[in-house]
Amino acid sequence: MVTLGQRIEELRNERGMSRPALSAALGLPKGAAEKFETGRQTPTKEQQEKIAAYFGVSVFYLRGESSDRTRQEDWMDAAAFRDEEPVFVPKPAPKPKAPESIQGGMLDAMLASKSVQELLRGIVLDVLKSPEGQAVIAQAVRKELGKK
């Protein structure tokens with residue numbers, strides 16, 4: 001599993017930035033990026049969100065919890081406001097190494113759990129009930145009604 005520090009270092013290197021330059025770009029103390037990358041300090045939730053936004057990735061990707069860089073806001077905007085119907089094209093999964101396959105099996109088992117499914121359902125419903133969720137639903141309904 002990729003750590004938060006490793007992910008920050010990877011994203012910083014992709015941009016060809018030094019650690020002090022990243023700290024300055026984020027408005028943080030000069031040594032902050034170094035501390036985050038080496039694990040001597042964990043960024044606060046707000047700092048994690050700021051770093052993820054700076055690199056245009058999701059907080060889940062930044063933390064190493066996902067391999068999908070797509071931010072939820074980008075995904076929601078793209079799905080609701082495109083003229084064409086969204087098409088899901090699954091990417092072939094890379095062949096995992098032995099330890100990762102164990103983790104995948106654990107994730108599958110966890111997602112099969114009734115309590116986890118109920119928790120996820122509750123989270124999705126809460127998001128859809130929010131003003132932002134309602135706006136996305138309203139836009140999608142207007143789009144569908146406009147087609148007929």
Side-chain angles (χ1 to χ4, degrees), residues 1-15 17 19 22-23 25-28 32-148:
M1 184 168 138
V2 177
T3 67
L4 175 65
Q6 290 170 330
R7 192 70 85 185
I8 293 171
E9 183 177 14
E10 170 191 321
L11 293 166
R12 178 182 59 78
N13 286 333
E14 285 177 7
R15 292 251 178 124
M17 298 179 79
R19 289 173 172 170
L22 176 59
S23 296
L26 296 170
L28 300 172
E34 179 181 359
K35 289 178 182 177
F36 297 157
E37 289 180 13
T38 59
R40 291 192 331 235
Q41 182 179 346
T42 301
T44 64
K45 181 180 178 189
E46 292 79 20
Q47 289 170 330
Q48 290 177 27
E49 290 169 355
K50 192 174 194 176
I51 295 167
Y54 180 78
F55 288 115
V57 298
S58 70
V59 175
F60 298 111
Y61 179 80
L62 182 69
R63 291 182 191 149
E65 297 169 0
S66 170
S67 60
D68 183 3
R69 292 179 175 225
T70 309
R71 298 180 62 193
Q72 180 181 0
E73 298 84 16
D74 298 340
W75 177 81
M76 294 294 283
D77 289 344
F81 302 111
R82 281 197 302 243
D83 289 334
E84 72 277 358
E85 287 294 317
V87 178
F88 175 73
V89 180
K91 295 178 183 176
K95 294 189 179 188
K97 299 171 189 162
E100 293 175 2
S101 65
I102 293 169
Q103 290 176 358
M106 290 173 30
L107 180 61
D108 291 341
M110 185 177 74
L111 290 175
S113 163
K114 186 92 169 154
S115 60
V116 171
Q117 290 175 2
E118 289 173 8
L119 177 65
L120 289 173
R121 181 179 182 277
I123 291 169
V124 169
L125 289 175
D126 286 345
V127 169
L128 291 176
K129 290 177 187 175
S130 71
E132 295 85 3
Q134 290 294 304
V136 170
I137 292 170
Q139 179 68 25
V141 168
R142 282 194 294 276
K143 179 180 166 186
E144 286 300 311
L145 292 176
K147 288 183 180 180
K148 296 180 181 188

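Note that the coordinates shown come from a computational prediction; the quantities given were computed from them, not determined experimentally.
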Spacing of [X] atom [atom1] and [Y] atom [atom2] [to the nearest 0.5 Å]:
X	Y	atom1	atom2	value
Glu65	Leu4	CD	CG	9.0 Å
Glu37	Glu10	CD	CD	11.0 Å
Leu128	Ile123	CG	CD1	12.0 Å
Arg121	Asp126	CZ	CG	10.5 Å
Lys129	Ile137	NZ	CD1	10.5 Å
Ile51	Leu26	CD1	CG	5.5 Å

If you take all heavy atoms of [X] and [Y], which pair is closest and at what distance?
X	Y	result
Thr70	Ser58	O-CB, 3.4 Å
Tyr54	Ala25	OH-CB, 3.6 Å
Ser23	Ala32	OG-N, 3.6 Å

Taking the side chain as C-beta and beyond, is there a heavy-atom pair between Arg69 and Phe55 under 4.5 Å? no
Where do Leu22 and Leu11 land on the side-chain contact (heavy atoms from CB on, under 4.5 Å) test, with the steps shown first? CA-CA 10 Å; Leu22 176 59; Leu11 293 166; over 6 Å; no
May I ask you to check whether over 12 heavy atoms, not counting those of Arg40, lie within 6.0 Å of atom CZ? yes
Begin with the C-alpha distance, continue with both residues' side-chain angles, and end with the deciding distance and a verdict on side-chain contact (heavy atoms from CB on, under 4.5 Å) for Thr38 and Arg19. CA-CA 11 Å; Thr38 59; Arg19 289 173 172 170; 4.3 Å; yes
Evaluate the side-chain contact (heavy atoms from CB on, under 4.5 Å) criterion for residues Val57 and Arg7: first the C-alpha distance (whole Å), next the side-chain angles of each, then the deciding distance (0.1 Å), finally the verdict. CA-CA 11 Å; Val57 298; Arg7 192 70 85 185; over 6 Å; no
With distance as the sole criterion, is a donor-acceptor pair present between the side chains of Asp68 and Ser66 under 3.5 Å? no
Chi angles and distances behind the side-chain contact (heavy atoms from CB on, under 4.5 Å) call for Gln48, Thr42: CA-CA 9 Å; Gln48 290 177 27; Thr42 301; 4.1 Å; yes
